[in-house]
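Structure first, then comments.
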Amino acid sequence: MVKVATTPLDRTRVARTALKLLNETGLDGLSLRAIAKELDVKAPALYWHFKDKQALLDEMATEMLRRMTEELTAGAVPGGDWSAALTAAMRGLRRHLLMYRDGAKVYSGTRFTDMSYAAPMEAHLRTLTEGGFTPHGAARAWLTAYSYTIGYVIEEQSMGPDPAKEEGGYDLEARARRLAAYPLAAAAGEEMFRDYDAGFEKGLTAVVAGIGATMPATPGA
């Protein structure tokens, strides 16, 4: 009998399978049992690699980061334009998070399992410090833009159409009817829940401009 070779079960293979299933089930529907079924193994086999679902999410987020490292590092060069580099990195982060259903929720609040984050972070912190930021200011600038991007995508994926079914999203007409007595709040829905691409760009421009105005150590830097 010819023995068929199988791919060894390891953390990376499990994480990649979980990311594939994520687009079908969403975060709430993702379970170790479903992943084990997809891998054609028994669920207890996964506990050799992950003690619980949070450990799996940490590895999934790390795998996502590995895939986006090139875009996160885009534009971050010694002596480069820090605002352009930071803007490009956040656009890349958002683009990758949107590749996965509930991608931003998976990515948020996790602990990376390897050093994939170090190179892009170091490159951007260096670009920021060479642009006039103190080391502490550079760290705060990076975290501020990073947090805005992740938070925006969490809201975008929660309120926008289901990417798997290409349907759903916030019913703005129903919202406007509920808020008929509050005309400004009603009208705000069109700005807040339509054209997420444009909304992200407007917000990111404001965030980067605010960072430039409040955080550099050198006046005018």
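We count residues from 1, following the sequence as given.
Electrostatic pairing of R101 and E24 does not count as a salt bridge here, judged by no charged N lying under 4.0 Å from a carboxylate O. Using a 4.0 Å cut-off between a side-chain N of Lys or Arg and a carboxylate O of Asp or Glu, E71 and R91 do not qualify as a salt bridge. Between K20 and E38 there is a salt bridge, since a side-chain N of the basic residue sits under 4.0 Å from a carboxylate O of the acidic one.
The backbone N or O of L125 lies less than 3.5 Å from no partner atom in the side chain of E130, so there is not a single donor-acceptor pair. In this structure, T127 contributes its side chain and P78 its backbone to no donor-acceptor pair below 3.5 Å. Between the side chain of T17 and the backbone N or O of R13 there is at least one donor-acceptor pair closer than 3.5 Å. Judged by distance alone, the side chain of S147 and the main-chain N or O of T144 form no donor-acceptor pair under 3.5 Å. Between the H49 side chain and the T12 main chain, no donor and acceptor come within less than 3.5 Å of each other. Side chain of E156 to backbone of F200: no donor-acceptor contact under 3.5 angstrom is found. Side chain of D102 to main chain of K105: no donor-acceptor pair is present (N/O by atom type, distance under 3.5 Å, no hydrogens or angles).
The local environment of CD in E201 is crowded, with over 12 non-hydrogen atoms from other residues, nucleotides or ligands closer than 6.0 Å. Within 6.0 Å of the CZ atom in R140, the count of heavy atoms belonging to other residues, nucleotides or ligands does not exceed 12. By the 6.0 Å contact criterion, CZ on R33 is open, its count of non-hydrogen atoms from other residues, nucleotides or ligands being 12 or less.
By the 30° and 60° cut-offs, the orientation of the rings of F112 relative to Y117 is parallel. Aromatic ring orientation, Y196 versus Y152: perpendicular (interplanar angle above 60°, classes split at 30° and 60°).
From M121, atom CE reaches atom CG of L65 across 9.5 Å, with rounding to the nearest 0.5 Å. Rounding to the nearest 0.5 angstrom, the gap separating the CG atom in L19 from the CG atom in L56 is 8.5 Å. Taken from CG in L72 to NE2 in H96, the straight-line distance is 7.5 Å, to the nearest 0.5 Å. Put simply, NE2 on H136 and CE on M215 are 13.5 Å apart, with the number rounded to the nearest 0.5 Å. Put simply, CE on M90 and CG on L93 are 5.5 Å apart, with the number rounded to the nearest 0.5 Å. To the nearest 0.5 Å, atom CD of residue E59 and atom CG of residue D10 are 9.0 Å apart.
The shortest non-hydrogen separation linking S116 to T69 is O-OG1, 4.1 Å. Shown here for A141 and L86, the closest heavy-atom pair between the two residues is O-CD2, 4.3 Å. The two residues A88 and A74 have their closest heavy-atom pair at CB-O, 4.1 Å. Minimum heavy-atom separation, S108 to I150: CB-CG2, 3.9 Å. Annotation for L30 and M60: closest pair CD2-CE, 3.7 Å, computed over non-hydrogen atoms.
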Give the intermediate values and the outcome of side-chain contact (heavy atoms from CB on, under 4.5 Å) for residues L97 and V106.
CA-CA 9 Å; L97 294 177; V106 171; over 6 Å; no
Take K53 and D58 through the salt bridge (Lys or Arg N to Asp or Glu O under 4.0 Å) test and state the conclusion after the steps.
CA-CA 9 Å; K53 188 174 180 179; D58 290 345; over 6 Å; no
Trace of the side-chain contact (heavy atoms from CB on, under 4.5 Å) decision for Y47 with D52
CA-CA 7 Å; Y47 287 98; D52 52 29; 5.7 Å; no
side-chain contact (heavy atoms from CB on, under 4.5 Å), that's the test. Do S158 and I154 meet it? Break it down for me.
CA-CA 6 Å; S158 297; I154 288 176; 4.2 Å; yes
Residue pair E63, T113: steps toward the side-chain contact (heavy atoms from CB on, under 4.5 Å) verdict:
CA-CA 9 Å; E63 177 61 21; T113 62; over 6 Å; no
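For R175 and F193, the positive end is not near the middle of the six-membered ring at less than 6.0 Å and at most 45° from its axis.
Judged as a side-chain hydrogen bond (donor to acceptor under 3.5 Å, both in side chains), and not counting sequence neighbours, the contacts of E122 are R126. Shown here are the side chain to side chain contact (heavy atoms under 4.5 Å, CB included) partners of A174, two or more places apart in sequence or in another chain: D171, R177, R178.
Cluster annotation: L57 is not connected to W48 through the hydrophobic network of ILVMFWY side chains, with a link wherever side-chain heavy atoms come within less than 4.5 Å. Residues M68 and M99 share a hydrophobic cluster, clusters being chains of Ile/Leu/Val/Met/Phe/Trp/Tyr side chains in contact below 4.5 Å.
Put simply, the side chain of I211 reaches to within 4.5 Å of the side chain of F133, judged on heavy atoms. Residues L39 and L46 have side chains in contact (heavy-atom distance under 4.5 Å, counting atoms from C-beta outward). Contact of the Y146 side chain with the T149 side chain is not registered, since no non-hydrogen atoms from C-beta on lie closer than 4.5 Å. Contact check for V208 versus W82: side-chain heavy atoms found under the 4.5 Å cut-off.
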